[in-house]
2 protein chains.
Amino acid sequence: MPPERFPIPQGTLDMLILQILSLEPAHGYAIAQRIEQISRQVVQVGQGSLYPALHRLEQKTWLRSEWRESETGREAKFYSLTRTGRQQLAREKESWDRLTAAVRLIFDQGE
Amino acid sequence: MPPERFPIPQGTLDMLILQILSLEPAHGYAIAQRIEQISRQVVQVGQGSLYPALHRLEQKTWLRSEWRESETGREAKFYSLTRTGRQQLAREKESWDRLTAAVRLIFDQGE
DNA sequence: ATCGATGCATCGACCTTCGACATATAAGCA
DNA sequence: TGCTTATATGTCGAAGGTCGATGCATCGAT
């Protein structure tokens with residue numbers, strides 16, 4: 001039985017995309033693949049979520065895009081993290097840590 | 001400076017409500033207070049989120065409601081967890097653990 | 001008499017996720 | 001040749017949840 005898949009909470013995808021790009025630039029298709037692969041298919045990234053997210057993030061100037069040749073020799077749009085994008089990632093990571101800590105508190109309370 | 005508040009991801013609130021009610025029945029207002037207090041104000045629960053969530057959960061038969069007298073002597077609607085609600089809480093907890101583990105994987109990758 | 005806390009509820013705006021669909025090229029295979 | 005799969009980008013509408021504003025009502029305290 002494959003691992004259960006469930007919807008990823010609103011806002012989480014942006015953070016994961018920024019994180020993937022914090023290592024090196026990549027095109028959309030590769031970003032989605034890496035998220036799914038590293039998370040062992042727990043996080044699924046549909047194309048209907050991926051591309052709007054990328055455009056959203058570029059709109060906010062957290063990403064910059066550039067057409068380049070992909071590993072397969074085809075044209076693809078490579079995204080890279082901007083300076084403000086890196087700052088945003090730090091902010092979102094901190095929020096995430098605070099949230100998970102808070103949820104942990106609520107779960108552990110009463111035990 | 002008060003701790004930063006940020007929106008709670010979609011779906012998370014339901015889980016927290018179920019968790020609070022897993023200890024003992026409570027009315028809506030108290031549920032919100034406990035979530036905020038235990039999380040040290042990190043998780044904020046507006047009434048525009050709270051009551052729709054409670055109705056949603058009751059609709060799904062994960063909660064049952066009953067008018068009773070509150071601690072202050074006033075009438076309030078007390079919610080209690082049903083058997084299926086308890087099962088649902090277990091499922092959501094597991095999903096949450098899987099998600100946070102997956103996000104952790106993505107964050108730690110490359111270090 | 002007014003204010004803050006208690007308590008329930010609805011409304012519209014806003015945003016994200018999701019599945020379906022569309023398009024195009026390249027590689028592999030029957 | 002024709003079919004399928006993988007690569008690669010994108011849009012669309014439906015669905016769902018969060019949020020701030022607003023409304024109503026009671027109670028105790030100042």
Side-chain angles (χ1 to χ4, degrees), chain A residues 4-18 25-37 39 42-60 62-63 65-79 92 95-96 99 103, chain B residues 4-18 25-37 39 42-60 62-63 65-79 92 95-96 99 103:
Chain A
E4 189 191 350
R5 33 194 316 245
F6 54 96
I8 95 177
Q10 211 160 318
T12 310
L13 178 58
D14 293 19
M15 181 177 67
L16 296 181
I17 290 174
L18 294 177
H27 57 264
Y29 195 82
I31 294 172
Q33 278 187 326
R34 286 179 205 174
I35 290 177
E36 296 186 351
Q37 180 209 335
S39 75
V42 170
V43 180
Q44 306 272 330
V45 185
Q47 305 176 339
S49 307
L50 175 67
Y51 291 108
L54 289 172
H55 300 158
R56 198 159 63 225
L57 295 172
E58 191 176 14
Q59 198 85 24
K60 293 179 180 168
W62 295 337
L63 302 184
S65 70
E66 180 194 5
W67 286 97
R68 285 219 302 269
E69 194 174 300
S70 82
E71 318 78 40
T72 66
R74 302 168 59 179
E75 284 295 298
K77 202 191 266 186
F78 278 73
Y79 289 91
E92 296 199 11
S95 287
W96 176 260
L99 173 68
V103 170
Chain B
E4 190 190 351
R5 33 195 315 243
F6 55 96
I8 96 176
Q10 211 161 312
T12 310
L13 178 58
D14 292 21
M15 180 177 66
L16 297 182
I17 290 174
L18 294 178
H27 57 264
Y29 195 80
I31 294 172
Q33 278 187 325
R34 285 178 205 175
I35 290 177
E36 297 186 351
Q37 179 210 335
S39 74
V42 170
V43 180
Q44 305 273 331
V45 185
Q47 304 179 339
S49 307
L50 175 67
Y51 293 108
L54 288 172
H55 300 159
R56 199 159 60 227
L57 294 171
E58 191 175 15
Q59 198 85 27
K60 292 178 179 171
W62 295 336
L63 302 185
S65 71
E66 179 194 5
W67 285 96
R68 284 220 301 268
E69 195 174 301
S70 82
E71 318 77 40
T72 66
R74 302 169 57 180
E75 283 296 297
K77 203 192 264 182
F78 277 74
Y79 290 92
E92 295 198 12
S95 287
W96 176 261
L99 173 67
V103 170

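As the structure is a computational prediction, the values presented were derived from the model and not from experiment. Order of the sequence lines sets the chain letters (A, B, ...), proteins ahead of strands, with each chain counted from 1.
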Original post:
Whole-Å distance between C:dC18 P and A:I35 CD1?
Top reply: 12 Å
Original post:
A:E69 CD to D:dT9 C1': how many Å, rounded?
Top reply: 17 Å
Original post:
Which pair of non-hydrogen atoms, one from A:V103 and one from B:M15, has the smallest distance, and what is that distance?
Top reply: CG1-CE, 4.1 Å
Original post:
If we fit an axis to the first five pairs and another to the last five of the helix from C:dA1-D:dT30 to C:dA30-D:dT1, what angle do they make, to the nearest 10°?
Top reply: 10°
**OP:** Take atom CZ of A:R34 and atom P of D:dT7, then tell me their distance rounded to the nearest Å.
**Re:** 13 Å
Subject >> Under the side chain to side chain donor-acceptor pair (under 3.5 Å) test, residues paired with A:Q47 that sit two or more places apart >> reply: none
**OP:** If a protein heavy atom is under 4.0 Å from the base, mark B; if only from the sugar-phosphate, S; if neither, -; do that for nucleotides 21-30 of chain D going 5' to 3'.
**Re:** B---BB----
**OP:** Please name all residues satisfying ring pair (Phe, Tyr, Trp, His ring centres under 6.0 Å) with A:Y29, sequence neighbours left out, ordered by chain then number.
**Re:** none
Original post:
How close do B:G28 and B:L50 get, heavy atom to heavy atom, and via which atoms?
Top reply: O-CD2, 3.4 Å
**OP:** Walk me through it: do B:K77 and B:L54 pass the test side-chain contact (heavy atoms from CB on, under 4.5 Å)?
**Re:** CA-CA 11 Å; B:K77 203 192 264 182; B:L54 288 172; over 6 Å; no
**OP:** Might you work through the side-chain contact (heavy atoms from CB on, under 4.5 Å) test for B:H27 and B:E71, ending with a clear yes or no?
**Re:** CA-CA 10 Å; B:H27 57 264; B:E71 318 77 40; 3.2 Å; yes
Original post:
Is B:S49 reaching over with its side chain to a backbone N or O of B:V45, donor-acceptor style, under 3.5 angstrom?
Top reply: no
**OP:** Round to the nearest Å and state the distance from A:Q33 atom CD to D:dT5 atom C1'.
**Re:** 13 Å
Original post:
Mapping A:P52 and B:Y79 onto DNA chain C by nearest heavy atom, which one lands closer to the 5' end?
Top reply: B:Y79
Are there any protein N/O atoms within less than 3.5 Å of an N/O atom in nucleotides 13-15 of chain C, and if so, which ones and at what distance?
from: C:dC15; atom 1: O2; to: A:Q10; atom 2: NE2; distance (Å): 3.1

Subject >> side chain to side chain donor-acceptor pair (under 3.5 Å) against A:R74, all qualifying residues, sequence neighbours excluded >> reply: none
Subject >> Whole-Å distance separating the CG atom of A:D14 from the C1' atom of C:dT17 >> reply: 11 Å
Subject >> CD1 on B:I8 to CD1 on B:I35, rounded to 0.5 Å >> reply: 7.0 Å
Original post:
Looking at A:D14 and A:E92, what are the two nearest heavy atoms and their distance?
Top reply: C-OE1, 4.2 Å
Original post:
What nucleic acid atoms does A:G11 come within less than 4.0 Å of, heavy atoms only: base, sugar-phosphate, or nothing?
Top reply: sugar-phosphate
Original post:
How close or far is atom P of D:dA8 from atom CD of A:E36, stated in whole angstroms?
Top reply: 14 Å
**OP:** Mark yes when over 12 heavy atoms from residues, nucleotides or ligands other than A:Q59 sit less than 6.0 Å from its CD; otherwise mark no.
**Re:** no
Original post:
In whole angstrom, what separates B:I8's CD1 from C:dT16's C1'?
Top reply: 15 Å
Original post:
For DNA chain D, whose closest nucleotide is more 5', that of B:L13 or that of A:H55?
Top reply: A:H55
Subject >> Distance in angstrom units between A:L50 CG and C:dA20 P, rounded >> reply: 17 Å
